[in-house]
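Counting starts at 1 for both ligands and their atoms, following the listed order. The first residue of the sequence shown is numbered 1, and numbering continues consecutively from there.
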Amino acid sequence: MRLNPRPWFSPLYIADRGVRLALSLAVAVAIPVGVLFVFQYRALASLESTSAVVLRQLSTDTVDNAARTIESVLKEPHIKVLLALPQARVEPLDPGFVAPVLADGLQASPFVEAFYVWTRPAAGDPLSGRWLTYDAQSARLQTTVAADRFRDEPTTRRALLGKLQQLASLKRAIVAFSDTIDGRPHYVQAQLRWSSPARDELTSLVAFAVDAERLRSEFLPALLATRLQSLQQPSGFPPLRLALEDGDGRLVVSGHGPGDTFLDTRSFPLVFFDKELLEFAAPYEARRETWQLRTTYGANDILHVVSASTQPQKMLLGLVGVLMSIGVFLVIRAAAREVRLAELKSNFVASVSHDLKTPLALIQLFAETLELGRVRNPDRAHEYYRIINLEARKLTRLIENILDFSRMEAGLRPYTRQPEDIGAIVDRVVDMMAPQFTQGKFSVQVHRDDPLPAVMADVLAVERAVENLLTNALKYSGDAKQIDIAVVAADQQVQVRISDHGIGIPRQELRRIFRKFYRVQQELGGGPQGTGLGLAIVEHTMRGHGGSVTVDSTPGVGSQFTLHFPIDGTLTDEDVRNETDSGDRRRTADAAGPA
Ligand code: ADP
């Protein structure tokens, strides 16, 4: 019989049809899955780079727009009020024209606290020579007389006028500075008018004051918040925020919080006129505040923001990859197992046919010879009868093994146990097999403790187990014709140890030999015949007795199989039922060495 049960992972096995099938299956699954993964990964990578571009663009556009908005909002009172009041309407003051312009200015630029108008004293003009104020209070007045909306500033603020008039000596059209009014810092700006192009004499001025604190704590934060609200932000990323720093580097508006990574920065001078006019303003030399507007997505830069956004997909992809690999691995293993079992079974059929044919042929041959009366010598005739008997016994053992095994597989092999002397059972088997030992020229040594405690045993089953082990010892002994049998009481057990000095079993095979149909690969496929059922039956039997079978073996030195019968091994009915269920699923085999 050709033996072919190689481990599914062995390189030899690769050549097998079954593994080729399993591998093609794996490749058929793994290649499309792999391609899918590569595409998915590349899609994620391109999504990341696209998102990075979008986020970058959003940041740049937003900071540009916001800086432009702030600048244009701040210069509105200059353009829409100060420049919108022609000298002719101010000198002399035309309240009917000026008051509505100032009212609109206040409304359009809520950061302006008050507008001021001054015209040089002129005879007959009651409004001239006065520091006139127009503020929210003026706008609310219920008067139809425009001139009544202006009121004189209290003396404290008149100092402002003095300062403006003083700065007029610089002969610039715009005057801008910061000052403290009523104990609060203010930005003040005025448009000056002159009597002649040479700017000899100041004739009028229109000015406004901005409360610096309110500008930074109320107006600018609200302005930026509105801008951000109107922004279309891509979902799945931290929102873009704006941070604003004043000229001293103090945060006026904070982005996400401390630890922000800033992306784009725009600087702008905090002035209330077109910055191109800076050189026409006085005092030109004075330090101007340069403010900074910055964008941030939080603590991370764009690359990290983007890769964090695809992190869940990547993790999912990894998880699916791991699961699919496990799946593929399990499929390969299951397929390889099935194929291996199928091969073992087909080897089994071949082996059984062979094992049936050989003894039958011998029996037939010797029976015919005897029948024909050709054998005159009684000793030779006796030898022929002995051979016929021996071969018939082999056949019986083979058939009983198969029947026993199929009953065990089907869970139909109950063990009928009663107190027995295991030593006596072993003796009986040895006697029964004496002709085989003699024929094989074996020397068999039996040692048994006397007396031995009785154990609960099914005689027939134990006889078959011992016979299987002894048959193996015979088969796998090679030229070492020595078999030692010991039946001893040890560790609350009765142990039957059967030792040979034969070919031994490789360490990695020790656990597999108990599997049904399993046979160790013999070199060149030769070696003794067998079905691979003997040890499976032994193991099943021992489990049915609440015991176990162990093996200790060294290749080229020999093997020792030990049956362990518990002395007080009283199995419950339930145990017996469980143990007689399909034998291959659970394996006591505490055989030495790894699987
Ligand atoms: P079979 O002997 O019919 O092949 P078994 O189940 O009895 O089946 O044994 C399984 C395998 O274990 C055998 O094929 C053989 O390779 C190995 N084996 C069993 N007993 C021995 C032994 N005493 N010495 C060496 N190898 C053994």
Side-chain angles (χ1 to χ4, degrees), residues 1-7 340-341 343-356 358-359 394-395 397-406 408-409 429 433 436-437 440 442 444 464-485 496-543 549-563 583-584 587-589 591-593 595:
M1 184 183 75
R2 204 176 67 82
L3 297 178
N4 204 15
R6 301 188 205 109
R340 188 178 43 139
L341 198 62
E343 276 198 7
L344 289 178
K345 277 183 180 164
S346 91
N347 285 340
F348 167 77
V349 171
S351 166
V352 167
S353 327
H354 182 278
D355 284 6
L356 284 174
T358 316
K394 273 191 197 166
L395 278 181
R397 194 176 60 82
L398 176 69
I399 289 164
E400 277 173 352
N401 261 356
I402 295 170
L403 287 178
D404 244 19
F405 183 76
S406 69
M408 285 172 181
E409 282 276 272
V429 177
M433 293 182 67
Q436 293 173 59
F437 294 137
F442 270 85
V444 180
R464 189 148 303 135
V466 173
E467 191 182 351
N468 274 325
L469 292 183
L470 283 174
T471 309
N472 281 351
L474 276 173
K475 283 199 296 189
Y476 302 109
S477 268
D479 296 331
K481 307 285 188 181
Q482 172 72 39
I483 297 174
D484 298 308
I485 305 170
V496 179
R497 300 178 193 146
I498 295 175
S499 319
D500 62 57
H501 304 277
I503 59 171
I505 304 161
R507 198 175 161 73
Q508 70 274 15
E509 301 281 9
L510 285 178
R511 206 173 272 248
R512 296 191 199 113
I513 54 175
F514 293 94
R515 294 179 188 159
K516 61 185 177 187
F517 307 125
Y518 192 84
R519 307 206 66 221
V520 177
Q521 172 77 16
Q522 309 287 318
E523 273 183 33
L524 303 174
Q529 307 299 325
T531 55
L533 290 183
L535 290 181
I537 291 173
V538 172
E539 196 200 21
H540 193 282
T541 305
M542 291 316 294
R543 275 210 312 266
V549 51
T550 56
V551 58
D552 190 5
S553 184
T554 311
V557 176
S559 313
Q560 183 179 73
F561 283 85
T562 306
L563 303 178
D584 200 51
R587 194 161 294 283
T588 21

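With a 4.0 Å cut-off on non-hydrogen atoms, Lys475 touches ligand 1 through its side chain and not its backbone.
Not a single donor-acceptor pair under 3.5 Å links the side chain of Ser477 to the backbone N or O of Leu474. In this structure a side-chain-to-backbone donor-acceptor pair under 3.5 Å is present from Ser553 to Ile505.
Between Pro506 and Val520, the shortest heavy-atom contact is CD-CG1, 4.3 Å.
Taking each of Val520, Thr471, Ile505 in turn, the one with a heavy atom nearest to atom 26 (N) of ligand 1 proves to be Ile505. Of the listed options Phe405, Tyr476, Tyr518, Tyr476 places a heavy atom closest to atom 1 (P) of ligand 1.
The ligand atoms of ligand 1 that sit less than 4.0 angstrom from a heavy atom of Leu535 are 5 (P), 6 (O), 7 (O), 9 (O), 10 (C), 12 (O), 19 (C). Proximity to Ile513 (heavy-atom distance under 4.0 Å) selects the following atoms of ligand 1: 10 (C), 12 (O).
Taking a 4.0 Å cut-off on heavy atoms, Phe561 registers as neighbouring ligand 1. Under a 4.0 angstrom heavy-atom cut-off, Leu533 registers as being in contact with ligand 1. Residue contact annotation: Gly502 has no non-hydrogen atom under 4.0 Å from ligand 1.
Considering backbone and side-chain atoms alike, Ile503 places every N or O at 3.5 Å or more from each N or O of ligand 1. Inclusion of Gly530 in the set of residues having an N or O under 3.5 Å from an N or O of ligand 1 is not warranted. Considering backbone and side-chain atoms alike, Asn472 places an N or O below 3.5 Å from some N or O of ligand 1. Polar contact check, Gly534 against ligand 1: a nitrogen or oxygen pair lies under 3.5 Å apart.
Between the side chains of His501 and Asp484, a donor-acceptor pair is found at a separation under 3.5 Å.
Between Asn468 and Leu535 the shortest side-chain heavy-atom distance does not fall below 4.5 Å. The shortest side-chain heavy-atom distance between Thr471 and Arg397 falls under the 4.5 Å cut-off.
A salt bridge links Glu509 to Arg512: at least one charged side-chain nitrogen sits closer than 4.0 Å to a carboxylate oxygen.
Judged as a side-chain hydrogen bond (donor to acceptor under 3.5 Å, both in side chains), and not counting sequence neighbours, Thr562 has no contacts.
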